[in-house]
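Report on one structure; see the data block that follows.
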Amino acid sequence: MKPIHLLLLISVVISSCQNDETAELPENASVKVLSIDLPTRTVSLIATQPTEGIEGTWSVVSQNQDLGSFSSLSDPLGNFTGSAVEHYVLRWTLSNGPSQISSDVEFTIAEGHSIAELSNANVSLKELVSYVPLKDLVYYGFSAANLLEAGATIPNLIAAGTTTKELLDLKISPYVLLQGGAPIKDILNYDRGNIKVLMEAGVTIEQLSDGGALVKEFRGFGVSDAQLQTAGLIGTMTDIEGNVYPWVKIGKQRWMAENLRTTTYADGTAIPSSAVGDSYQSLFGKMYTILGAANGDVSGANPSGVRGACPSGWHLPSAAEYSELQAALVGGVYSVSVKLRSDAEEPGDLWQENSRTGNNLSGFNATPGAVGIRNNSNVLEYTEVFMHADFWTSDPQAKYGDQSYEPTILLIYRDEAYSTGMWGSTAAVRCAKD
């Protein structure tokens, strides 16, 4: 064998061994977003540069409706183009053949941009609905009609702050809106005829009453008093002396529908004669001083818990309870005052002609007994009778300078207001159910 042949053979074996060596991978790979161009939906990326013997590859590892595309699958300084509101997870993989390492980066092409910027970049409303919080789109000013067309649901629109009125303006069924979370009160205030619509759709009288439907409205839609009584909207109660009073449910409260007439506390104790007296010509029940009405107790809570002159199971209401009563009557064509006041068409209406006519939609049946003040001869003198109705509340006594004042009085006149009654003055009492 010639020596040169041996040398050539050795040379070939050494070369083959050198080519089979595996390149060493770095300890880790890195990848990050350099910039996002919203108009073109293009993301500039940078990743670990592969060295000799190592290959780099881009891939999409998230589950996306639009998988997007890379400018180059192997360029660590490549670009990725996708959809504006898709959330992507991209992976950069380095491989030396038998082994590999990778690093992920995630982003949404729309992130960091305002609604205005997204709209200006021709991101569709459908895409915005799938990405931007709906309350932000409502606040921005997109209409309910356009948002519904773009895929928003009625429950989500209601939760996001779209008004019931705007949805009803679109002729959406009141019952569909109720199922979607719209308040009954808003549905009824849009059109009181929706009381009948919702009843026909299976909504109960109790539910409608809680939402603000009133006894006189139910009667107008054919609901009988027997049905109202069964539903717990009307009834009667009796005090310790045997006086019988009608009561009515307004919102979630139950109120006496006549002024209190008892001269005896629920425990059988007589109310002091100085603390109770007849109203003007006995037309409006009894009139009480605050000591007679509250029996020395005070509370501004809701419910107050002050029994006072009220029968067992009933209490003297606080100003907060009267506020709840008024809140239940807000909305619709008529003012709260009109809904509370006795109806001019009903027997016994005594309001002056220049006072606003009441319709008593609530059934509260407020009558204009005003207040009485005992003169020096201890005789009740009546002021502004037939002009307004005044009722004691249970709230703690307030003071104004050196003058002592009693708990507030609900004053029902042309509008709702609270006034204060001086020591010794008398007013009517309406009790609320415990």
Side-chain angles (χ1 to χ4, degrees), residues 134-135 138-139 144 148 153-223 227-228 230-234 247-255 257 302-303 317-341 343 356 358-366 410 412 415-417 430 432-433:
L134 199 55
K135 62 181 180 60
V138 171
Y139 181 79
L148 283 170
T153 65
I154 288 174
N156 287 341
L157 279 174
I158 292 171
T162 301
T163 66
T164 303
K165 179 184 183 304
E166 186 175 0
L167 294 169
L168 286 167
D169 283 342
L170 298 177
K171 307 303 179 185
I172 297 172
S173 158
Y175 186 71
V176 170
L177 293 185
L178 180 62
Q179 294 298 100
I184 288 179
K185 184 173 184 179
D186 291 349
I187 295 173
L188 301 188
N189 285 342
Y190 181 87
D191 183 350
R192 304 306 286 188
N194 284 331
I195 295 173
K196 183 177 182 181
V197 172
L198 291 178
M199 281 196 297
E200 291 173 345
V203 181
T204 67
I205 293 173
E206 297 94 319
Q207 289 173 310
L208 289 167
S209 174
D210 286 347
L214 304 172
V215 290
K216 198 168 183 179
E217 293 176 311
F218 282 119
R219 289 171 177 142
F221 290 117
V223 178
Q227 290 174 295
L228 293 175
T230 300
L233 270 64
I234 60 172
W247 58 260
V248 63
K249 181 174 180 285
I250 303 172
K252 296 184 179 181
Q253 301 171 307
R254 288 173 172 82
W255 292 85
N302 181 2
S318 64
E321 289 178 85
Y322 274 114
S323 292
E324 182 180 337
L325 166 66
Q326 294 178 71
L329 298 174
V330 170
V333 176
Y334 303 104
S335 74
V336 172
S337 178
V338 168
K339 295 173 186 174
L340 285 170
R341 293 169 48 162
D343 190 340
R356 184 176 297 174
N359 59 25
N360 199 30
L361 278 178
S362 66
F364 187 83
N365 196 41
L410 175 71
I412 300 176
D415 289 297
E416 307 71 53
R430 286 295 178 94
K433 190 171 178 58

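Just so you know, these numbers come straight off a predicted model, no measurement behind them.
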How close do Asn302 and Glu324 get, heavy atom to heavy atom, and via which atoms?
ND2-OE1, 2.8 Å

Between Ser362 and Leu340, the two heavy atoms sitting closest are OG-CA, 3.7 Å

From the options Ile158, Thr153, Leu157, select the one residue that forms a side-chain contact (heavy atoms from CB on, under 4.5 Å) with Pro155.
Thr153

Which pair of non-hydrogen atoms, one from Ile250 and one from Ala328, has the smallest distance, and what is that distance?
CG2-CB, 4.4 Å

Take Thr204 and Gln207 through the side-chain contact (heavy atoms from CB on, under 4.5 Å) test and state the conclusion after the steps.
CA-CA 5 Å; Thr204 67; Gln207 289 173 310; 3.1 Å; yes

Do Leu214 and Lys339 come close enough that some side-chain heavy atom pair is under 4.5 Å?
yes

Euclidean distance, Asp169 CG relative to Lys165 NZ, rounded to 0.5 Å
4.0 Å

Apply side chain to side chain contact (heavy atoms under 4.5 Å, CB included) to Asp191 and list each qualifying residue two or more places apart in sequence or on a separate chain.
Asn194

Test item: Tyr175 and Gln179 side chains (from C-beta on) under 4.5 Å apart, heavy atoms
yes

Which is it for Leu188 and Leu198 under the side-chain contact (heavy atoms from CB on, under 4.5 Å) test, yes or no, and what are the steps along the way?
CA-CA 9 Å; Leu188 301 188; Leu198 291 178; 4.1 Å; yes

Under 4.5 Å between any side-chain heavy atoms of Asp186 and Leu168, yes or no?
no

Contact check, side chains of Gln253 and Glu321, non-hydrogen atoms, under 4.5 Å:
yes

Separation between CG of Leu177 and OH of Tyr190, rounded to the nearest 0.5 Å:
10.0 Å

Within-4.5 Å side-chain heavy-atom neighbours: Ile172 and Leu148
yes

Identify the two heavy atoms, one from Phe218 and one from Ser209, that lie closest to each other, and give their separation to 0.1 Å.
CZ-N, 4.0 Å

What I'd like to find out is whether the side chain of Met199 reaches to under 4.5 Å of the side chain of Leu208, using heavy atoms alone.
yes

Sub-4.5 Å side-chain heavy-atom contact between Tyr334 and Leu329:
no

Minimum heavy-atom separation for Arg430 and Pro317, please, with both atom names.
O-CD, 3.0 Å

Nearest 0.5 angstrom please: Asn360 CG to Asn365 CG, how far?
4.5 Å

Looking at Pro183 and Thr164, what are the two nearest heavy atoms and their distance?
CD-OG1, 3.8 Å

Calculate, to the nearest 0.5 Å, the distance between atoms CH2 and OH belonging to Trp255 and Tyr322 respectively.
4.5 Å

Run the side chain to side chain contact (heavy atoms under 4.5 Å, CB included) test against Glu166 and tell me which residues pass, sequence neighbours left out.
Ser143, Ala144, Thr162, Thr163

Sole candidate of Arg254, Lys252, Lys249 that passes salt bridge (Lys or Arg N to Asp or Glu O under 4.0 Å) when paired with Asp210:
Lys249

Counting C-beta onward and ignoring hydrogens, is there a side-chain heavy-atom pair between Leu228 and Arg219 closer than 4.5 Å?
yes

Might you confirm whether atom NZ of Lys216 has over 12 heavy atoms from other residues, nucleotides or ligands at distances under 6.0 Å?
yes

